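Predicted, not measured: the structure shown is a model, and the values here were computed from it. Chain identifiers are assigned alphabetically (A, B, ...) following the order of the sequence lines, protein sequences preceding nucleic acid strands; residue numbering begins at 1 within each chain.
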Protein chains: 2
Amino acid sequence: MSDQEYEEAGQGPEMEIVHLLRAVVVDLGRHSARFAQRNGMHPTDVRALIVLMDAARAGKDTSAGQLGAALGLNSAGTTALVDRLERAGHVRRVRSERDRRKVTIEVDERAIALGLQHFGPLIDRAVGLLREYDERELAAIKGFLTGMQEAATQEGERADGH
Amino acid sequence: MSDQEYEEAGQGPEMEIVHLLRAVVVDLGRHSARFAQRNGMHPTDVRALIVLMDAARAGKDTSAGQLGAALGLNSAGTTALVDRLERAGHVRRVRSERDRRKVTIEVDERAIALGLQHFGPLIDRAVGLLREYDERELAAIKGFLTGMQEAATQEGERADGH
DNA sequence: TCTATTATCTCGGCCAGCAAGATACTTGTT
DNA sequence: AACAAGTATCTTGCTGGCCGAGATAATAGA
């Protein structure tokens, strides 16, 4: 981004959308934070449940180590996280049969229901919004989001020296 | 969201975009977290700088209290936050002339340069992506993001009992 | 002036996460 | 089988962000 482009930030139609996306990220973050606080959880706990439920939807088990890696926690932090979630009844620890060092984390059905109760209305609104668009418009939205996702992950790899 | 809709989650074209948006939020969050860690900062510190720079772009001063309120911190946490940022040289405390109780927080030019260095490439990619779309497609992207922002904030108010 | 209000800071404590090491299990080698 | 090395998780002790309560200082109204 050149200095000149920065001077114009917030003015062009493209920059307006960039700022809008950032605002959406912030506001959705706040939405998650409210869910966390309302249920006596921390942001990390919510992120953990999302990771676990994503894996479950894909039909995969998640071990404690995988969960910690996905969240960027070390082993001690991961143990503390799972302790909190288990104490709150949101997940269960299950020793793996094959490799008895492993602990797979299972999400409790009530935690899923709790999440649906909070995020359901927001998802409904999103689906309702998207139903108003035709195929070309949906492709544009999808293309932009996909591009931003790639950019966000690639920028990270680039700057990390991978 | 009905149970039936949940069963179908991830399958319809609308739900695909919903999951995509969530993934974008997560990945952009990670991108910010990298910036934070690379500069010895915490996520809150980055959020604070964004709040301060947004206000500055709008031509407004930000007091310590306003900053804390925007981040959901109490006064003790806000003081500690500004202490950290000031110690790192990212901001300056300036006593207001009119109301000498107030402390306005000014962002140092080097912090702005640091932010541009990190987020600039990502913004460039976003602008580049958006330049490929025509007006109707841009309107669709903008409309969807605006709708999601409204939904995220309104859901919060609703459930908070406002 | 006296009181109430507002803005920030100070103090003490809680708790999430880290670093280092312990424990338990698995795998590869002999 | 026995031993060493590797792997997954847990334990311990500590750091530091944030909170609650209260102190300090400045402004505003009667």
Would you indicate whether B/Q37, at its atom CD, is surrounded by more than 12 heavy atoms from other residues, nucleotides or ligands within a distance under 6.0 Å?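 Atom CD in B/Q37 is not crowded, with 12 or fewer foreign heavy atoms closer than 6.0 Å.
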
Does CZ belonging to B/R93 count more than 12 external heavy atoms closer than 6.0 Å?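 Result for CZ/B/R93: enclosed.
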
Nearest to side-chain heavy atoms of [X], which nucleotide of [options]:
| X | options | value |
| --- | --- | --- |
| A/S63 | D/dT9, C/dG17, D/dA26 | D/dT9 |
| B/S75 | D/dG17, D/dC10, D/dG22 | D/dG22 |
| B/H42 | D/dG16, D/dG6, C/dT10 | D/dG16 |
| B/L73 | D/dC18, D/dT9, C/dC9 | D/dC18 |
| B/A76 | C/dC11, D/dC10, C/dA7 | C/dC11 |
| B/T79 | C/dC18, C/dT8, D/dT9 | C/dT8 |
| B/V103 | D/dT7, C/dT8, D/dC18 | C/dT8 |

Report yes if a donor N or O on one partner sits less than 3.5 Å from an acceptor N or O on the other, where the partners are the side chain of B/R101 and the base of C/dT6; otherwise report no.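 Per atom types, the contact qualifies.
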
Presence of donor-acceptor pair under 3.5 Å, side chain of B/N74 and base of D/dG20: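 Side chain to base: pair found, below 3.5 Å.
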
Give the rounded distance in Å between these two atoms: [atom1] of [X] and [atom2] of [N].
| X | N | atom1 | atom2 | answer |
| --- | --- | --- | --- | --- |
| A/R93 | D/dA8 | CZ | P | 16 Å |
| A/L71 | C/dC18 | CG | P | 10 Å |
| A/R95 | C/dT26 | CZ | C1' | 13 Å |
| A/L67 | C/dG17 | CG | C1' | 14 Å |
| A/R84 | D/dC10 | CZ | C1' | 15 Å |
| A/D45 | C/dG17 | CG | P | 7 Å |
| A/L81 | D/dT9 | CG | P | 13 Å |
| A/I105 | D/dC10 | CD1 | P | 7 Å |

Which sits closer to the 5' end of DNA chain C, A/D99 or A/G72, going by the nucleotide each is nearest to?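 The residue mapped nearer the 5' terminus is A/G72.
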
Check B/R22 with B/D27, please: is the shortest side-chain N to carboxylate O separation under 4.0 Å?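 Here B/D27 does not pair with B/R22 in a salt bridge, since their nearest N and O are not under 4.0 Å apart.
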
With the threshold set at 4.0 Å, does a side-chain nitrogen-carboxylate oxygen contact exist between B/K142 and A/E16?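 Looking at B/K142 and A/E16, the cut-off is met.
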
Contact class for B/T44 vs. all strands (heavy atom < 4.0 Å): base, sugar-phosphate, or nothing?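 Touches sugar-phosphate only.
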
Any side-chain heavy atom of B/H118 within less than 4.5 Å of one from B/H31?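 Contact flag for B/H118/B/H31 side chains = yes.
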
